[in-house]
4 protein chains.
Amino acid sequence: MAREIRFTIDNNSGIPYYKQIILQVEMAIAGDRLAAGDQLPTVRSLAVDLQINPNTVAKAYNQLEIRGIVNTQQGTGTFISDREISFSEVERERILSELCRSTLVQAGSYGFSLEEIIAQLREMGERE
Amino acid sequence: MAREIRFTIDNNSGIPYYKQIILQVEMAIAGDRLAAGDQLPTVRSLAVDLQINPNTVAKAYNQLEIRGIVNTQQGTGTFISDREISFSEVERERILSELCRSTLVQAGSYGFSLEEIIAQLREMGERE
Amino acid sequence: MAREIRFTIDNNSGIPYYKQIILQVEMAIAGDRLAAGDQLPTVRSLAVDLQINPNTVAKAYNQLEIRGIVNTQQGTGTFISDREISFSEVERERILSELCRSTLVQAGSYGFSLEEIIAQLREMGERE
Amino acid sequence: MAREIRFTIDNNSGIPYYKQIILQVEMAIAGDRLAAGDQLPTVRSLAVDLQINPNTVAKAYNQLEIRGIVNTQQGTGTFISDREISFSEVERERILSELCRSTLVQAGSYGFSLEEIIAQLREMGERE
DNA sequence: GTGGTCTAGACCACA
DNA sequence: GTGGTCTAGACCACT
């Protein structure tokens, strides 16, 4: 059960380090490479690994915790939360709806059609 | 020739306002919804329209001018430059792909399936 | 509409500074001394006021934003969120239930009876 | 004379485990549910019971001993000290008051009314 | 001017 | 050993 993922930092993407870490954890969970109970690397070890400041790692873990994605116990470590990401159906609807709204607004503002978006999503989604 | 595009600002996308404007102009050119000679709204009117700070609009126009994409004529307005600019299909693809990737990652991290997303997009898209 | 609250920091309470700030904002909202749209002091000015590090204030504001309590716009400031703290009824039930559970567990472990708790709550609640 | 109390750990209260144990012992004494000579569970058994690290229990007992509240006899166990300790009614009031204050503030920040809280507490408390 | 990110490093609290 | 808090200060991005 003790899976591990390899983190990487892209210096030039313009995306803040802490957000890159959050994204990688989220993607790992989405892709089943991490699951409830798995331990994340310690703040310090990941910081050394990525050659960044421990505070930056801590910030990422912190935000993951606030979102309920991980569970951190002082003195023990940081773990993927076991709480069935317990969104009520209503909450789930809200999140899905907001996500799609944002996608549509952006797509529209760039001149992409609904079908273009869906085709692209299908292509990317099925490639996994 | 005097085409117009409708600008929109997405508060929650995390993309800075001025970049959203730039992107929308660029994509409109790439999608042939704007062409050389077309006039952009004035800084003031667009600012009022989008309910954002005029400085922000000015910054966007500024950068568009620096990149040679638009042409500001004092006292007359801002126009799409007639200099040949090529927003290649590749660039368009890149943006579409980036948008979809982001949508998928977020969706995945919340446990939404590809089909759920597409269904929701269809529903919202067709309602308009 | 531009109300203001006075922040104070208690050095000896053992409660982290940033949590004290969060609490004060929450209490101010609960007590109607702050409402949607009101601006919080800037990070820097509050830091000077309280004689603490700006990062500490920023951390508090950050967490308030994540919880949806405030709304921060780069370059503009931090404002009380206008989003009707939009918890679905289900979510609301869950929060209330968790809060009461925690209160009861603690009360029980300290030997307080249900009636003692309720009496104390009544006394404190009505004093406001 | 050999009374026993049931310890509980609240994962979400934010109060460190060892402090929760200390508080429960103190409050049991204040509430006359423990008295001089009563034996506490062994470090190991309590740790197993609460599913926490034995070091954490040991730390709690240690601090209780330092404060003169308990008395550890090598090879025999840990007992409530016979030294007169007064957890005055005032102290008890203070803790009750603190607990209620915390509950009220949180409730208020989520928009729950006093009556909602009390109703929920009654419902949950009487179900037990 | 505003907030956001990151660093380097200290000290504390917890298990 | 773990994570949490705070500082002092730099630099960037946005309005």
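The chains referred to below are lettered A, B, ... by the order of the sequence lines, with proteins before strands, and numbering in each begins at 1. What you see is a predicted model, and the numbers here were worked out from it, not measured in a lab.
- For the pair C:Ile22 CD1 and F:dG4 C1', the computed distance is 13 Å after rounding to whole Å.
- The nearest whole Å value for the distance from the CG atom in A:Asn62 to the P atom in F:dT2 is 18 Å.
- Across the protein-nucleic acid pair, C:Tyr61 atom OH and E:dG4 atom P stand 11 Å apart, rounded to whole Å.
- Residues meeting the side-chain contact (heavy atoms from CB on, under 4.5 Å) test with A:Asp10, sequence neighbours left out: A:Asn12, A:Ser13, A:Gln20.
- Atoms CG (A:Leu46) and C1' (F:dT2) sit 14 Å apart, rounded to a whole Å.
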Per-nucleotide protein contact string for nucleotides 6-15 of chain E, where B marks a base within reach and S marks sugar-phosphate only (heavy atoms under 4.0 Å, - for neither): BBBB---BBS
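- Two end axes, each from the C1' atoms of five base pairs, can be drawn for the helix from E:dG1-F:dC14 to E:dC14-F:dG1; they diverge by 30°, to 10 degrees.
- The side chain of A:Thr72 contributes an N or O atom lying less than 4.0 Å from OP1 or OP2 of F:dG4.
- Partner of D:Glu26 under the salt bridge (charged side-chain N to carboxylate O under 4.0 Å, His left out) criterion, out of D:Arg92, D:Arg94, D:Arg67: D:Arg67 alone.
- Using a cutoff of 4.0 Å between basic side-chain nitrogens and carboxylate oxygens, B:Glu4 and B:Arg33 are not scored as salt-bridged.
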Working for side chain to side chain contact (heavy atoms under 4.5 Å, CB included), residues A:Ile52 and A:Tyr18: CA-CA 10 Å; A:Ile52 62 178; A:Tyr18 81 92; over 6 Å; no
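- A:Asn11 and A:Tyr17 share a donor-acceptor pair across their side chains, judged by distance under 3.5 Å alone.
- One can place CG of C:Leu40 at 13 Å from C1' of E:dT2, the figure rounded to the nearest angstrom.
- Remark: C1' of E:dG4 and CD of C:Gln63 are 15 Å apart, rounded to the nearest angstrom.
- Computed from coordinates, the A:Gln20 CD to E:dG4 P distance equals 19 Å when rounded to whole Å.
- Dashed line: the shortest gap from a side-chain N or O of A:Thr42 to OP1 or OP2 of F:dT2 is under 4.0 Å.
- The distance from the CD1 atom of C:Ile80 to the CD1 atom of C:Ile69 is 8.5 Å, given to the nearest 0.5 Å.
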